[in-house]
There are 2 protein chains.
Amino acid sequence: MARYQVGIETKARIIEATRSLLAEGGLDATTLKAICDRAKVRSGSFYNLFGSKEDAIIHVVRESIRAVDPDPDRVGTDTVDDLVDAYSRFLQEEPEMARVYVIAALAGESTGDSARRQFLRHHMRRVERFGDAMQRSDPSLTPEAAHVEAELLLGALDGLAFRWALDQTFDFPKYALLARERFN
Amino acid sequence: MARYQVGIETKARIIEATRSLLAEGGLDATTLKAICDRAKVRSGSFYNLFGSKEDAIIHVVRESIRAVDPDPDRVGTDTVDDLVDAYSRFLQEEPEMARVYVIAALAGESTGDSARRQFLRHHMRRVERFGDAMQRSDPSLTPEAAHVEAELLLGALDGLAFRWALDQTFDFPKYALLARERFN
DNA sequence: ACCTAATTTGAGTATACACTCAAGTTTGAG
DNA sequence: CTCAAACTTGAGTGTATACTCAAATTAGGT
């Protein structure tokens, strides 16, 4: 796709423009025009590198989640607490991005649901991560039980994050730890 | 506002049109034109009765949540299980509405955040309901502890509902009950 | 029947949006 | 240096959007 150096740089500029717009003003602020203006690119160039605006947005959201992953290379040394901490950190450092994530995952009417499938895959990977960490800390746990516990804990974290998005005075880290104590 | 009988009926028609459009096709399908066509009304009439499209949508979402409330008049006889059941039922009966609820609550950039405040108030009322029910089943629970438990359980339910929205083969009622067992 | 206020109309405003494409320019491998 | 492919341009397309308002009509209390 982007094989020339200049194309790679353009793509990076577009991604950075999209990232900063999402972080500053959420989805509403992230129009094609705004992205192109900030990236110093005309719209035709954008579409030479991305199939749609949503492609760029999803790329950025996934990238920023990966950025706070305690074990991005899956070495397998992360604990449940590490994962919960990473979740708290993501909310703290990228509050707007968390909202974008949820809306992009749910609003998939327009996109068909390819976006939704992508978010589901991402969720399943996280469940696996949590389940693995739970088994490492308690080897007597069966894989099936670990999976259920992981879905419950991740569900609780997601719901508490939604709660926090409604009202940022909500003490997410505190409740996240309480939830973590209930599951294992 | 709507003092003539005909105005009251028009308002009801608009609400019903909005409700059915949201249930059938979510937010994307619920344009002003679609609402007006279905309600057999011209746009001017709509704006005589509602301040904005979003007013009508929020009205409908709140109404449909209330419709599955096990104790809408707050008699105070509902148990935690009743409340969890009502939550499951809402997802089952109004799947599209649940997504609309979340998006409307989070997408408040455009609205300022008056919508967000409204959803927060609604959330707080539900926390209170859950907390009250928990105290009724276990009178040794302090109000403060009940509040914390209620936030945790409701958070877990919200997160599991998000999980279910990603993939409707997810067995929400099963996980909801598991979560319910962990908190009390 | 009168009269005010409620309601309705519907053409009109503004305008924002994602996306396209044919024609040019630049890149870099051979 | 050549040249095909990668990249860029930017005016243009098409469409949908929520919302307004002045004028006409209707409701219903008196």
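Note that the structure is a prediction, hence the values are computed from the model and not measured. By convention in this document, chain letters (A, B, ...) are assigned in the order of the sequence lines, proteins followed by strands, and residues within each chain are numbered from 1. Below, all heavy atoms of this structure are taken into account, side chains as well, without hydrogens, waters or symmetry copies.
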Evaluate side chain to side chain donor-acceptor pair (under 3.5 Å) for A:D55 paired with A:Y47, printing each intermediate quantity in order.
CA-CA 10 Å; A:D55 279 2; A:Y47 283 98; over 6 Å; no
Taking the nucleotide of DNA chain D with the closest heavy atom to each, which residue, B:T30 or B:Q5, is nearer the 5' end?
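Its nearest nucleotide being more 5', the pick is B:T30.
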Assign A:S45 to base, sugar-phosphate, or nothing according to its heavy-atom contacts below 4.0 angstrom with the strands shown.
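A:S45: base contact, heavy atoms under 4.0 Å.
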If you compare every side-chain N and O of [X] against the phosphate oxygens of [N] (OP1, OP2), does one of them come in below 4.0 Å?
| X | N | result |
| --- | --- | --- |
| B:T31 | D:dA16 | no |
| A:Y47 | C:dT20 | no |
| A:R3 | D:dA6 | yes |

Report yes or no: is the cationic atom of B:K53 (NZ for Lys, CZ for Arg) under 6.0 Å from the centre of the six-membered ring of B:F46, at an angle within 45° of the ring normal?
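No, B:K53 does not lie over the aromatic ring of B:F46.
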Please tell me if the side chains of B:V60 and B:I15 come closer than 4.5 Å, counting only heavy atoms from C-beta onward.
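With C-beta onward as the side chain, the pair touches.
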Can you confirm whether B:E94 sits close enough to B:R99 that some side-chain heavy atom of one is under 4.5 Å from a side-chain heavy atom of the other?
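Heavy-atom side-chain distance check fails, nothing below 4.5 Å.
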Nucleotide [N], atom [atom2] - distance to [atom1] of [X] in whole Å:
| X | N | atom1 | atom2 | answer |
| --- | --- | --- | --- | --- |
| B:K33 | C:dG12 | NZ | P | 16 Å |
| B:R42 | D:dA24 | CZ | P | 19 Å |
| A:D37 | D:dG10 | CG | C1' | 13 Å |
| A:I57 | C:dC17 | CD1 | P | 12 Å |
| A:L32 | D:dT15 | CG | P | 19 Å |
| B:D55 | D:dA18 | CG | C1' | 13 Å |
| A:L49 | C:dT20 | CG | C1' | 15 Å |
| B:I8 | C:dA5 | CD1 | P | 19 Å |

Nearest of D:dC7, C:dA18, C:dT8 to any side-chain atom of A:N48?
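Output: D:dC7.
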Under-3.5 Å donor-acceptor pair between A:Y4 side chain and D:dA6 base
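Donor-acceptor pair under 3.5 Å: no.
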Nearest nucleotide by nearest heavy atom, which residue falls closer to the 5' end of DNA chain C, B:V6 or A:S43?
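Upstream on the strand: B:V6.
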Among B:R74, B:R129, B:R126, which one satisfies side-chain hydrogen bond (donor to acceptor under 3.5 Å, both in side chains) with B:D69?
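Of all the options given, the one that passes is B:R129.
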